[in-house]
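Note sheet for the following structure.
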Amino acid sequence: MPELPEVETTRRGIEPHVIGKTIDRVLVRQSSLRWPVSPELSQVLTGNRIGQVNRRAKYLLFTTDSGRMMVHLGMSGSLRITDRDSSVRKHDHIDITFRDGTILRYHDPRRFGSVFWLPGTSSHVLIDDLGPEPLSTEFSGDYLFKLSRGRKVAVKLLIMNSKVVVGVGNIYANEALHLAGIRPERVASGISRARYNRLADKIRQVLNDAIASGGTTLRDFVHEDGSPGYFKQSLTVYGRGGEPCLNCGTRLTETRLGNRATVCCKKCQR
DNA sequence: CGCTGACCCTGACGGC
DNA sequence: TGCCGTCAGGGTCAGC
């Protein structure tokens, strides 16, 4: 489900409902996610107050006085703000209830997500070696160009590699490459600095636009209140294999790259 | 070190 | 109506 814009949209939606609130109790109905939910989660969170809600890559970090809760939504996860009057649905795996009755509810049918407790100021191996944030100044065409020298991978897989840059998933990789006019399968080392500058710009553009639209809803992405995102209307290639390119009318081809759907206009993208 | 493919899991959808 | 195969926005890991 979520790429960076959806995670950021979730963060912004949830933040005002949980900041400064004290946790009354935590209910873990299903602890078998991508990795087991930290067994001490309930005990350590209870009585703690949420100070900040931050994002690193596609991880959400809830800071408390004694440590941080790190949440990843995987492919199908979502976080919603609700209350005790709402009915519990299938796959509502974790409820964090605050003293004012607000509930932060984690829902994840496929269970590819994860929830960890990071004591004190400790970090986690899953976020220790990540690449730069795509919307930070660290990320640029020059950075991509330098990093790509000697790399034989397809450029689409390069930009989807979280050690290179975080937060670029399959939807936005397809979109950015189309906007930049670059074939997804092109070998990373063979692309010029100028074209990487254009690609970096388009990655930033497509992510910013998606955040501004409240994220992309394809199947089950919803905001903290259950409403959908509206960026789907702006997608130019993803999910449009066989349909005409909005730029030149050529039939878009759909192939697989790294076992993921890859859509390309053979005329606009070289 | 770089790269490829298998794999974790449930649900939706299309073809028969 | 049901059964079966395929696919889905993520990311790790073993193996070469």
Side-chain angles (χ1 to χ4, degrees), chain A residues 1-10 29-37 55-60 70-79 89-93 106-116 124-131 134 146-177 184-190 203 206-207 210-211 213-223 228-242 254-263:
Chain A
M1 176 253 309
E3 295 196 27
L4 187 147
E6 290 72 46
V7 179
E8 180 60 22
T9 297
T10 296
R29 298 187 187 84
Q30 168 64 274
S31 61
S32 171
L33 304 182
R34 176 70 171 86
W35 285 280
V37 174
R55 179 186 59 75
R56 170 67 175 120
K58 293 172 189 165
Y59 292 94
L60 288 170
M70 181 170 93
V71 177
H72 196 288
L73 301 175
M75 290 274 266
S76 58
S78 60
L79 282 171
R89 298 167 301 166
K90 197 177 179 183
H91 308 305
D92 282 344
H93 302 317
Y106 178 85
H107 176 90
D108 186 5
R110 292 177 72 182
R111 291 191 273 126
F112 283 2
S114 53
V115 178
F116 290 101
H124 194 281
V125 285
L126 291 173
I127 53 172
D128 281 343
D129 297 315
L130 293 175
K146 284 175 189 149
L147 206 140
S148 65
R149 296 308 90 180
R151 303 281 294 260
K152 285 177 64 185
V153 270
V155 61
K156 179 169 179 248
L157 299 182
L158 183 83
I159 61 172
M160 288 179 71
N161 181 343
S162 61
K163 299 229 159 102
V164 173
V165 58
V166 302
V168 183
N170 197 38
I171 296 181
Y172 302 114
N174 276 301
E175 295 297 314
L177 286 164
E185 68 272 22
R186 188 162 288 280
V187 169
S189 61
I203 288 171
V206 77
L207 293 177
I211 292 170
S213 308
T216 300
T217 293
L218 293 182
R219 288 166 192 80
D220 48 12
F221 171 70
V222 287
H223 292 173
Y230 293 102
F231 194 67
K232 186 179 192 305
Q233 298 155 9
S234 309
L235 297 179
T236 57
V237 286
Y238 184 86
R240 297 194 59 246
E254 181 154 347
T255 55
R256 297 189 79 74
L257 198 52
N259 213 21
R260 295 222 140 88
T262 302
V263 190

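Here the structure is a predicted model, which is why all the values come from computation and not from measurement. These values consider heavy atoms only, across backbone and side chains, with no hydrogens, waters or symmetry-generated copies. So you know, we letter chains A, B, ... as the sequences are listed, proteins then strands, and number each from 1.
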Next item on the list: Report yes if a donor N or O on one partner sits less than 3.5 Å from an acceptor N or O on the other, where the partners are the side chain of A:R110 and the base of C:dA8; otherwise report no.
Entry: yes

Margin query: Run the ring-ring contact (aromatic ring centres under 6.0 Å, His included) test against A:Y172 and tell me which residues pass, sequence neighbours left out.
Written below: A:F231

Note to self: Using a 5.5 Å cut-off between ring centres and planes within 30 degrees, is A:F112 stacked on the base of B:dC9?
What the structure shows: no

Check: How far apart are the closest heavy atoms of A:H107 and A:K90, and which atoms are they?
Finding: CE1-O, 2.9 Å

Next item on the list: Take A:R56 and A:V166 through the test side chain to side chain contact (heavy atoms under 4.5 Å, CB included) and record every step on the way to the result.
Entry: CA-CA 8 Å; A:R56 170 67 175 120; A:V166 302; 3.8 Å; yes

Anything under 3.5 Å between a protein N or O and an N or O of nucleotides 13-16 of chain C, put it in a table, one pair a line.
none

Notebook entry, point to check: To the side chain of A:K90, which of C:dG10, B:dG11, C:dT12 is closest?
Noted result: B:dG11

Notebook entry, point to check: Once you round it to whole Å, what is the distance between C1' of C:dT12 and CG of A:D128?
Noted result: 15 Å

I'd like a list of close polar pairs between nucleotides 1-4 of chain B and the protein, N/O only, cut-off under 3.5 Å.
residue : atom : partner : partner atom : Å
B:dC3   : OP1  : A:K152  : N            : 2.4
B:dC3   : OP1  : A:V153  : N            : 3.0
B:dC3   : OP2  : A:R151  : NE           : 2.7
B:dC3   : OP2  : A:R151  : NH2          : 3.3

Notebook entry, point to check: Under the side-chain hydrogen bond (donor to acceptor under 3.5 Å, both in side chains) test, which residues partner A:K156, sequence neighbours left out?
Noted result: A:N170, A:T262

Check: What's the CG-P distance between A:L207 and C:dG9, to the nearest Å?
Finding: 16 Å

Notebook entry, point to check: Of A:E254 and A:Y59, whose closest DNA chain C nucleotide lies nearer the 5' terminus?
Noted result: A:E254

Next item on the list: Locate the shortest heavy-atom distance separating A:E3 from A:I171; write the atom from each residue and the value.
Entry: OE2-N, 2.7 Å

Margin query: So, does A:H91 get its side chain near the phosphate of B:dG11, meaning an N or O under 4.0 Å from OP1 or OP2?
Written below: yes

Note to self: List the residues meeting salt bridge (charged side-chain N to carboxylate O under 4.0 Å, His left out) with A:R240, not counting sequence neighbours, and say none if there are none.
What the structure shows: A:E243

Next item on the list: Determine the minimum heavy-atom distance between A:V168 and A:K58, stating which atoms define it.
Entry: C-NZ, 4.4 Å

Next item on the list: Applying salt bridge (charged side-chain N to carboxylate O under 4.0 Å, His left out), name anything that partners A:E254, two or more places apart in sequence or on another chain.
Entry: none

Item checked: C:dG11 OP1/OP2 closer than 4.0 Å to side-chain N/O of A:K163 -> no

Notebook entry, point to check: Within the structure, does a side-chain N or O atom of A:Y238 lie under 4.0 Å from either OP1 or OP2 of C:dG9?
Noted result: yes

Margin query: How close do A:L158 and A:A188 get, counting heavy atoms only, and between which atoms?
Written below: CD2-CB, 4.0 Å

Could you go through nucleotides 2-7 of chain C and list every protein N or O atom that sits under 3.5 Å from one of its N or O atoms, giving the distance for each pair?
none

Check: Do the side chain of A:E175 and the main chain of A:V206 share a donor and acceptor less than 3.5 angstrom apart?
Finding: no

Margin query: Say we look at C:dC7 and B:dG5: how far apart would their P atoms be, to the nearest angstrom?
Written below: 15 Å

Check: Just how far, in rounded Å, is P of B:dT10 from CG of A:L33?
Finding: 12 Å

Checklist line | Main-chain N/O of A:A57 paired with A:R55 side-chain donor or acceptor, under 3.5 Å | finding: yes

Checklist line | Test log, rule side chain to side chain contact (heavy atoms under 4.5 Å, CB included), inputs A:H93 and A:R111 | finding: CA-CA 9 Å; A:H93 302 317; A:R111 291 191 273 126; 3.4 Å; yes

Notebook entry, point to check: Using the P atom in both, what is the distance from C:dT6 to B:dA6, to the nearest Å?
Noted result: 13 Å

Check: Using Watson-Crick and G-U wobble pairs whose two distances are both under 3.5 Å, how do you write the pairing of DNA chain C as dot-bracket, with | for links to another strand?
Finding: .|||||||.|||||||

Next item on the list: Tell me whether the OP1 or OP2 atom of C:dG10 has a side-chain N or O from A:H72 closer than 4.0 Å.
Entry: no

What nitrogen or oxygen pairs link the protein and nucleotides 13-15 of chain B at under 3.5 Å?
none

Next item on the list: Only counting residues at least two apart or in another chain, list the ones meeting salt bridge (charged side-chain N to carboxylate O under 4.0 Å, His left out) with A:R34.
Entry: none

Notebook entry, point to check: How many Å lie between CZ on A:R111 and C1' on C:dG11, as a whole number?
Noted result: 17 Å

Margin query: I'd like to check the ring-ring contact (aromatic ring centres under 6.0 Å, His included) partners of A:F112; sequence neighbours left out, ordered by chain and number.
Written below: none

Next item on the list: Examine distances only and state if a side-chain atom of A:N174 and a backbone atom of A:V263 form a donor-acceptor pair shorter than 3.5 Å.
Entry: yes

Next item on the list: Spell out, as yes or no, whether a donor-acceptor pair under 3.5 Å connects the side chain of A:Q30 to the backbone of A:S32.
Entry: yes

Check: Considering residues at least two apart in sequence or located in another chain, which fulfil the salt bridge (charged side-chain N to carboxylate O under 4.0 Å, His left out) criterion with A:R149?
Finding: none

Item checked: Rounded distance (Å) that lies between atom P of C:dT12 and atom CD1 of A:I127 -> 12 Å

Notebook entry, point to check: Rounding to a whole Å, what distance do you find between A:M160:CE and B:dG5:C1'?
Noted result: 15 Å

Next item on the list: Could you walk me through whether A:V165 and A:L147 pass side chain to side chain contact (heavy atoms under 4.5 Å, CB included), step by step?
Entry: CA-CA 10 Å; A:V165 58; A:L147 206 140; over 6 Å; no

Checklist line | d(CG, A:D108; P, B:dC8) in whole Å | finding: 16 Å

Next item on the list: Tell me what A:N170 touches on the nucleic acid: a base, only sugar-phosphate, or nothing, going by heavy atoms under 4.0 Å.
Entry: sugar-phosphate

Note to self: Between C1' on C:dG10 and CG on A:N259, what's the gap in Å once rounded to a whole number?
What the structure shows: 13 Å

